[in-house]
Trainee: 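Take this structure first; my questions come after.
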2 protein chains.
Amino acid sequence: MLNQLHHTAEDMIRHNGGRATAGRIGILAILLAEQQAITHREIEQRLPQEQQLDRVTLYRALEWLAEKNLIHKVTSDDRAWRYHANRDVQSHQHAHFKCTCCAQVICLDKLPVERNWPLPAGYRLQEIELTVKGLCANCC
Amino acid sequence: MLNQLHHTAEDMIRHNGGRATAGRIGILAILLAEQQAITHREIEQRLPQEQQLDRVTLYRALEWLAEKNLIHKVTSDDRAWRYHANRDVQSHQHAHFKCTCCAQVICLDKLPVERNWPLPAGYRLQEIELTVKGLCANCC
DNA sequence: CAAATAAATGCAACAATGTTGTGATTATTG
DNA sequence: CAATAATCACAACATTGTTGCATTTATTTG
Ligand SMILES: [Mn+2]
Ligand SMILES: [Mn+2]
Ligand SMILES: [Zn+2]
Ligand SMILES: [Zn+2]
């Protein structure tokens with residue numbers, strides 16, 4: 001099961017012309033297995049003891065994966081990026097939900113906001129970032 | 001003009017039962033004068049030389065002003081809070097625009113998003129945080 | 001398979017932003 | 001003016017992320 005994900009991860013990495021290193025494969029497998037968007041720290045904790053990576057290496061691997069569009073970064077109000085594998089649905093813009101109690105972040109399907117936003121004259125829209133804050137099912 | 005704002009700021013602070021210190025008044029006057037939401041650092045730079053405040057004092061003053069609802073904080077993707085005085089319009093929820101080039105942040109009037117968002121079962125909505133990213137008139 | 005090479009890694013140092021604790025100062029009250 | 005609680009300044013710390021550079025390694029090539 002996790003082995004399957006490792007295989008998938010390796011494929012995804014090779015398809016993008018990157019080196020299939022243990023670190024990258026492990027990180028991407030973790031993100032593929034995860035339902036939520038998780039932080040750098042949480043990824044570190046999920047890595048098996050025998051293949052801990054340097055903080056910087058982890059940051060750079062995540063940066064590479066994001067560049068190649070295999071994962072995406074989510075901004076949060078606690079100053080920590082969260083990362084999540086790109087599934088079909090998430091490849092285009094979508095909103096996020098963050099629990100104000102336990103801080104979990106999940107990706108929501110749609111982005112039900114009109115693209116032609118009423119901006120001041122001369123302003124150009126590039127991207128909409130939307131986070132719904134509230135309580136998750138566990139914290140309600 | 002700026003003197004007028006100082007007077008207004010002092011009134012707002014006293015109305016909330018706080019001590020009218022030079023620091024608080026100066027900070028709030030700066031935020032009242034500003035069209036955009038600005039960072040801690042930018043506030044510091046706008047303070048006259050003779051009344052520079054300690055970083056921590058500035059943080060705590062901003063915290064107090066936000067608690068009293070005289071200003072509001074804006075989350076951004078660059079890990080720095082931005083602050084803006086609460087005018088009538090901004091007292092309720094609104095969206096923000098951030099220029100991806102010069103990083104300026106302005107408050108937008110409305111929040112044209114349906115409040116009854118389609119969340120997973122058991123989830124409860126508290127607040128919607130929306131940032132439109134793009135290019136401002138200067139950077140276009 | 002072995003050597004060559006570019007890519008990835010590990011480590012140390014640094015930067016930005018924000019927080020906590022505590023003793024000194026000050027705005028306000030009477 | 002004196003008393004007092006609120007505010008402030010300073011030092012120390014925490015978290016998250018970045019940069020430079022020497023070392024290691026995955027992949028390619030012969
Ligand atoms: Mn997402
Ligand atoms: Mn605002
Ligand atoms: Zn929760
Ligand atoms: Zn701009």
Side-chain angles (χ1 to χ4, degrees), chain A residues 6-7 9-28 37-45 47-68 70-83 98 103 105, chain B residues 6-7 9-28 37-45 47-68 70-83 98 103 105:
Chain A
H6 275 251
H7 192 82
E10 182 170 347
D11 275 0
M12 292 170 73
I13 291 166
R14 287 195 194 280
H15 270 130
N16 279 87
R19 285 197 189 171
T21 66
R24 282 184 182 169
I25 295 172
I27 293 170
L28 185 49
I38 57 178
T39 63
H40 176 270
R41 189 60 65 97
E42 291 167 324
I43 296 170
E44 209 166 32
Q45 289 165 349
L47 280 170
Q49 211 66 26
E50 75 268 18
Q51 56 148 300
Q52 291 287 322
L53 297 171
D54 185 76
R55 263 163 28 89
V56 177
T57 303
L58 183 39
Y59 276 117
R60 295 206 251 232
L62 289 168
E63 189 182 20
W64 185 87
L65 290 168
E67 257 171 25
K68 298 304 181 184
L70 301 181
I71 66 175
H72 64 278
K73 294 167 78 170
V74 185
T75 307
S76 176
D77 51 7
D78 59 5
R79 310 159 25 86
W81 295 105
R82 284 177 173 74
Y83 303 86
K98 179 172 184 193
V105 172
Chain B
H6 274 251
H7 192 82
E10 182 169 347
D11 275 0
M12 293 170 71
I13 290 167
R14 287 194 193 281
H15 269 129
N16 280 87
R19 285 198 189 168
T21 65
R24 281 184 183 168
I25 295 172
I27 293 168
L28 184 49
I38 57 179
T39 63
H40 175 271
R41 189 60 64 98
E42 290 167 323
I43 296 171
E44 209 167 32
Q45 290 165 349
L47 280 170
Q49 210 66 26
E50 75 269 17
Q51 58 148 297
Q52 290 288 321
L53 296 171
D54 186 75
R55 264 163 27 88
V56 178
T57 302
L58 183 40
Y59 277 118
R60 294 207 248 234
L62 290 168
E63 189 182 20
W64 185 87
L65 291 168
E67 257 171 24
K68 299 302 184 186
L70 301 181
I71 66 174
H72 65 278
K73 293 168 76 169
V74 185
T75 307
S76 176
D77 52 7
D78 60 5
R79 309 157 29 85
W81 295 104
R82 283 176 173 73
Y83 303 86
K98 179 173 185 193
V105 172

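Within every chain, numbering begins at 1; the chains are lettered A, B, ... in the order of the sequence lines, protein sequences first and strands thereafter. All of these numbers come straight from a predicted model, not from anything done at the bench. Hydrogens, waters and symmetry mates play no part in the numbers below; they use all other heavy atoms, side chains included.
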Trainee: CG of Leu65(B) to CZ of Arg24(B): how many Å apart, nearest 0.5 Å?
Mentor: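 Interatomic distance, Leu65(B) CG to Arg24(B) CZ, rounded to 0.5 Å: 7.0 Å.
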
Trainee: What does the B/S/- profile of nucleotides 23-30 of chain D look like, 5' to 3', with a 4.0 Å heavy-atom cutoff to protein?
Mentor: --BBS---

Trainee: Pairs in or reaching into residues 10-23 of chain B: which pass salt bridge (Lys or Arg N to Asp or Glu O under 4.0 Å), with residues at least two apart or in two chains?
Mentor: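 Applying salt bridge (Lys or Arg N to Asp or Glu O under 4.0 Å) to every pair that reaches into residues 10-23 of chain B, excluding sequence neighbours, yields Glu10(B)-Arg14(B).
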
Trainee: Please state how far atom CD in Glu42(A) lies from atom P in dG17(D), giving the value in whole angstrom units.
Mentor: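 Answer to the nearest Å: 12 Å.
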
Trainee: To the nearest angstrom, how far is Tyr59(A) atom OH from dT15(D) atom P?
Mentor: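 Result: 12 Å.
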
Trainee: Mark yes or no for a side-chain to base donor-acceptor pair under 3.5 Å between Arg55(B) and dG18(C), with no hydrogen or angle criteria applied.
Mentor: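 In this structure, the two groups form a donor-acceptor pair.
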
Trainee: Could you give the CD-to-C1' distance, from Glu63(B) to dT20(C), as a whole number of Å?
Mentor: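 Atom CD in Glu63(B) sits about 11 Å away from atom C1' in dT20(C).
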
Trainee: Quickly work out the Ile43(B) CD1 to dA16(C) P distance and round it to whole Å.
Mentor: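 In whole Å, dA16(C) P and Ile43(B) CD1 are 18 Å from each other.
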
Trainee: When only distance counts, do a donor and an acceptor, one from the side chain of Arg41(B) and one from the base of dG18(C), lie under 3.5 Å apart?
Mentor: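 Answer is no: no donor-acceptor pair is held.
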
Trainee: Rounded to the nearest 0.5 Å, what separates atom CG in Leu62(A) from atom CZ in Arg82(A)?
Mentor: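 So the gap between those two atoms works out to 13.5 Å.
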
Trainee: Taking CD from Gln52(A) and P from dT9(C), how many angstroms apart are they, rounded to a whole number?
Mentor: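 For the pair Gln52(A) CD and dT9(C) P, the rounded distance is 14 Å.
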
Trainee: At what distance, to the nearest 0.5 angstrom, does CD1 of Ile38(B) lie from CD1 of Ile43(B)?
Mentor: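 Taking CD1 in Ile38(B) and CD1 in Ile43(B), the distance rounds to 4.5 Å.
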
Trainee: Return yes when atom CD of Glu50(B) has more than 12 non-hydrogen atoms of other residues, nucleotides or ligands closer than 6.0 Å, and no otherwise.
Mentor: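 Counting neighbours around CD of Glu50(B), more than 12 heavy atoms of other residues, nucleotides or ligands fall under 6.0 Å, so yes.
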
Trainee: Is the phosphate of dA8(C) approached by Arg24(A) (side-chain N or O, under 4.0 Å from OP1 or OP2)?
Mentor: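 True: Arg24(A) side-chain N/O within range (under 4.0 Å) of dA8(C) OP1/OP2.
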
Trainee: Do Arg79(B) and dT17(C) have a side chain to base donor-acceptor pair shorter than 3.5 Å?
Mentor: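 Answer no: no donor N or O sits under 3.5 Å from an acceptor.
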
Trainee: Nearest 0.5 Å please: distance from the CD1 atom of Ile71(B) over to the CG atom of Leu28(B).
Mentor: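 It is 7.5 Å, given to the nearest 0.5 Å.
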
Trainee: Are His72(A) and Tyr83(A) an aromatic pair by the rule of ring centers under 6.0 Å?
Mentor: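 No, too far apart.
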
Trainee: Between Lys98(B) and Asp78(B), does any NZ, NE, NH1 or NH2 come within less than 4.0 Å of an OD or OE carboxylate oxygen?
Mentor: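 Between Lys98(B) and Asp78(B) there is a salt bridge, with a charged N closer than 4.0 Å to a carboxylate O.
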
Trainee: Distances for protein N/O vs nucleotides 2-4 of chain C N/O pairs under 3.5 angstrom?
Mentor:
none

Trainee: Which whole-number value in Å describes the distance from Asp54(B) CG to dG23(C) P?
Mentor: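 Going from Asp54(B) (CG) to dG23(C) (P), I get 17 Å.
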
Trainee: Using only modelled atom types and a 3.5 angstrom limit, is any donor from either the side chain of Arg60(B) or the base of dG18(C) paired with an acceptor on the other?
Mentor: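 No pair found.
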
Trainee: Name the residue closer to the 5' end of DNA chain C, choosing between Gly23(A) and Val56(B) according to the nucleotide with the nearest heavy atom.
Mentor: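 Upstream on the strand: Gly23(A).
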
Trainee: Could you check how far CH2 of Trp81(A) sits from P of dT17(C), rounded to whole Å?
Mentor: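 Those two atoms, CH2 and P, are 14 Å apart.
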
Trainee: Say whether, by atom type as modelled, one donor and one acceptor occur between the side chain of Glu44(B) and the main chain of Gln52(B) under 3.5 angstrom.
Mentor: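 Between the backbone of Gln52(B) and the side chain of Glu44(B) there is no qualifying donor-acceptor contact (under 3.5 Å).
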
Trainee: Nearest whole Å is fine: how far is dC8(D) P from Ile27(B) CD1?
Mentor: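 Between P of dC8(D) and CD1 of Ile27(B): 8 Å.
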
